[in-house]
Student: 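This is the structure, below, for whatever I ask next.
Each chain gets a letter, A, B and so on, in the order the sequences are listed, and its residues count up from 1.
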Protein chains: 2
Amino acid sequence: MLTTLTRKERERQQREAKILQLARGMLRESGYLGLSMDRIAAEMEYSKGTIYQHFRNKEEIILALANEALEARIELFEQAATWPGNTRERISAIGAAAEEFVERYPHYFAVEQIVRSSSIWEKTSDERQQFMRSCEQRCMQIISGIVRDALAHGDLTMPKNRAPEDLVFGLWSLNFGSYIIMASSNSLGEVGIGDPVAALRDNQSFMLDGYGWRPFSHEADYPALMDRVRREVFSDE
Amino acid sequence: MLTTLTRKERERQQREAKILQLARGMLRESGYLGLSMDRIAAEMEYSKGTIYQHFRNKEEIILALANEALEARIELFEQAATWPGNTRERISAIGAAAEEFVERYPHYFAVEQIVRSSSIWEKTSDERQQFMRSCEQRCMQIISGIVRDALAHGDLTMPKNRAPEDLVFGLWSLNFGSYIIMASSNSLGEVGIGDPVAALRDNQSFMLDGYGWRPFSHEADYPALMDRVRREVFSDE
DNA sequence: GTCACAAAATGACAAGTTGTCAAAAATGGG
DNA sequence: CCCATTTTTGACAACTTGTCATTTTGTGAC
């Protein structure tokens, strides 16, 4: 009896994973409109009704994909935050984690873009919304924690009227904006941006330099550190 | 004959403007899915076929809205670029223009987000795509022009392996990312970001400081300058 | 084996979308 | 007034998503 229950449960989870896998593919292939419940059902060789027993609607599938990725991102960020070095090195490690995340979950930015598109968010369940918000907060906490450590250690002093979260907002928007532009602009080279990932690294560094976060980027080789973090922390699993 | 032609032409343009106006409203109200050709037709008291004579499809309407706004943005940026001051002041004036743009075209970021969503872009006409790309390039040129002036005047020296466009990419993504997040995150206050617009101003300034662009933000009152630019340059029309 | 009952899967449907196109209506020159 | 040309129309086809009565499947008791 126990075994049958778990077998069913296992089948259910497998099916759910398969749905998400198919959805990921469709989304990558042709965006929000390309994700079709009919086609998922057809490719799964199940009826539509069964798919709807897993996800109340299309938007739930998309949010589930986002949740999956965000959970993994927190994992990466937490690992990065424990890097044994000064605060400026630790914030660089977070940058490395962000790069790693983009490589492991290349579909995520497309998903987040869809979720942030009004009228999608509204259709999703409270639980998944809650989960997404909590992931966002958790991310914020991890990073602003490093900022606070830097303040405590005297590596950084906050400018007038600015909170640590304002700095995090800067890193966040710089990253988010850069990756969205990279993902959706097929001709960055033509406008003179040859290596956007390297440019992002530098822009982040210079922003932190501007805040006065020591040691400055000319005093250490942060790109090398980021490569090292990615090799040593994120190479396996 | 000439008069009848122009009258017709005038009516056509008025109708087109009305379509775009309605579309703007629907888009702001409820996003891409909320924009319905049927509803536009109904509210215009024209049949659907007539609407389709103006725009080949839904996506064309969205791109038309983007084009409208981008044209206006170039206007604003060009005005800002002529500000009579040092290069650092001129790049701040561009920041002021960007703020002004967001206030005048609050729907634009939602539109750009939709356009950047894959499978939307593909459905639009080459002409409008071309126009959008040329606007983007033009913007890039205006700003990288100021960067080059700064290099020529010795206000700034480019770091190793970086082109002026990489700096512009930084400002671009910082702005774009910040405004997208602001527009779609209804609870920034809860995560500790009280005044995101002020934070964006500072983050931009600090990034430019990090690049070593003189005079530094602690040597001048750039926020005050931006307020002044907005008052003196963008108050009328 | 078979019966009864619960659980799960089904697909026809309703209600919506976009985009088309033959037919109807308006227009304007002769 | 008439007729060629342009413009407008809305019924359609072809697609969505999401529902739910009906059918199928699974389980345990006898």
Side-chain angles (χ1 to χ4, degrees), chain A residues 1-16 18-19 22-23 26-27 29-65 114-115 117-125 128, chain B residues 1-16 18-19 22-23 26-27 29-64 114-115 117 119-125 128:
Chain A
M1 191 161 101
L2 250 169
T3 58
T4 61
L5 257 177
T6 53
R7 199 207 71 216
K8 269 198 183 177
E9 194 50 40
R10 230 174 16 223
E11 282 178 357
R12 211 189 144 70
Q13 284 186 340
Q14 275 182 349
R15 215 161 42 192
E16 197 148 311
K18 182 78 184 165
I19 293 174
L22 284 172
M26 289 179 184
L27 226 51
E29 208 69 34
S30 42
Y32 175 74
L33 296 175
L35 174 58
S36 148
M37 300 301 265
D38 269 325
R39 271 174 52 210
I40 288 180
E43 288 199 41
M44 297 265 303
E45 295 182 283
Y46 274 104
S47 77
K48 211 164 16 162
T50 303
I51 311 297
Y52 274 93
Q53 222 145 26
H54 285 267
F55 298 97
R56 197 189 267 60
N57 54 39
K58 210 173 134 165
E59 286 73 22
E60 282 284 287
I61 295 183
I62 295 174
L63 212 54
L65 286 175
I114 292 166
V115 172
S117 201
S118 64
S119 85
I120 305 291
W121 181 256
E122 277 79 9
K123 293 184 181 170
T124 55
S125 70
R128 283 214 164 81
Chain B
M1 191 163 101
L2 249 168
T3 56
T4 61
L5 256 176
T6 53
R7 198 207 72 216
K8 270 197 182 177
E9 194 51 38
R10 232 177 10 227
E11 282 178 356
R12 211 189 143 71
Q13 284 186 340
Q14 275 181 350
R15 213 160 45 191
E16 198 149 312
K18 181 78 184 166
I19 293 174
L22 284 171
M26 289 179 184
L27 226 52
E29 208 70 33
S30 43
Y32 175 74
L33 295 174
L35 174 58
S36 149
M37 299 302 263
D38 269 326
R39 272 173 52 210
I40 288 179
E43 288 200 41
M44 297 265 303
E45 294 183 286
Y46 273 104
S47 77
K48 212 168 11 166
T50 303
I51 311 297
Y52 274 93
Q53 221 144 28
H54 285 268
F55 299 97
R56 198 189 266 64
N57 54 39
K58 208 172 134 163
E59 286 73 23
E60 282 283 286
I61 295 183
I62 296 172
L63 212 53
I114 293 166
V115 172
S117 200
S119 84
I120 304 293
W121 181 256
E122 278 78 8
K123 292 185 182 172
T124 54
S125 69
R128 285 212 163 82

Student: Going by number, which of residues 36-44 of chain B have a non-hydrogen atom under 4.0 Å from DNA chain C?
Tutor: B/S36, B/M37, B/D38
Student: Please report, rounded to the nearest Å, how far the P atom of C/dT17 is from the NZ atom of A/K58.
Tutor: 15 Å
Student: Quick one: closest heavy-atom pair of B/T124 and B/W121, and the distance?
Tutor: OG1-O, 2.6 Å
Student: Please check the phosphate of D/dT7 (OP1 and OP2 only) for any side-chain N or O of B/R15 closer than 4.0 Å.
Tutor: no
Student: For B/I51, report the nucleic acid contact type (base, sugar-phosphate, nothing); a contact means any heavy atom under 4.0 Å.
Tutor: nothing
Student: How close do A/S47 and A/A41 get, counting heavy atoms only, and between which atoms?
Tutor: C-CB, 3.9 Å
Student: Round to a whole Å and report the spacing from CG of A/L33 to C1' of D/dA14.
Tutor: 15 Å
Student: Output the rounded distance in Å from CG (B/N57) to P (C/dT17).
Tutor: 17 Å
Student: Give, for atom CD1 of B/I40 and atom CG of B/L35, the distance between the pair rounded to the nearest 0.5 Å.
Tutor: 4.5 Å
Student: State which residues pass salt bridge (charged side-chain N to carboxylate O under 4.0 Å, His left out) with A/K58; sequence neighbours excluded, sorted by chain then number.
Tutor: none
Student: Measure across A/I120 and A/I114 and return the closest heavy-atom pair with its distance rounded to 0.1 Å.
Tutor: CG1-O, 3.4 Å
Student: Without hydrogens or angle criteria, can the side chains of A/E59 and A/Y32 be said to hold a donor-acceptor pair below 3.5 Å?
Tutor: yes
Student: In whole angstrom, what separates B/E11's CD from D/dT8's C1'?
Tutor: 13 Å
Student: Report the distance from atom CZ of B/F55 to atom P of C/dT20, rounded to the nearest whole Å.
Tutor: 16 Å
Student: Can you tell me the distance, in whole Å, between the OH atom of A/Y32 and the P atom of D/dT16?
Tutor: 13 Å
Student: Is the side chain of A/E60 donor-acceptor paired with the backbone N or O of A/S125 at a distance under 3.5 Å, no angle test?
Tutor: yes
Student: Considering only nitrogen or oxygen atoms on both sides, find all protein atoms under 3.5 Å from nucleotides 10-13 of chain C and state each distance.
Tutor:
from   : atom 1 : to    : atom 2 : distance (Å)
C/dT10 : OP2    : A/S47 : N      : 2.7
C/dT10 : OP2    : A/S47 : OG     : 3.3
C/dT10 : OP2    : A/T50 : OG1    : 3.2

Student: How many whole angstroms separate atom CZ of A/R12 from atom C1' of D/dG26?
Tutor: 16 Å
Student: In whole angstroms, how far is the P atom of C/dT18 from the CD atom of B/E60?
Tutor: 15 Å
Student: Might you point out which heavy atoms bring B/N57 and B/M37 nearest each other, and give the distance in Å?
Tutor: C-CE, 4.1 Å
Student: Between CE of A/M26 and CZ of A/R39, what distance do you get to the nearest 0.5 Å?
Tutor: 4.0 Å
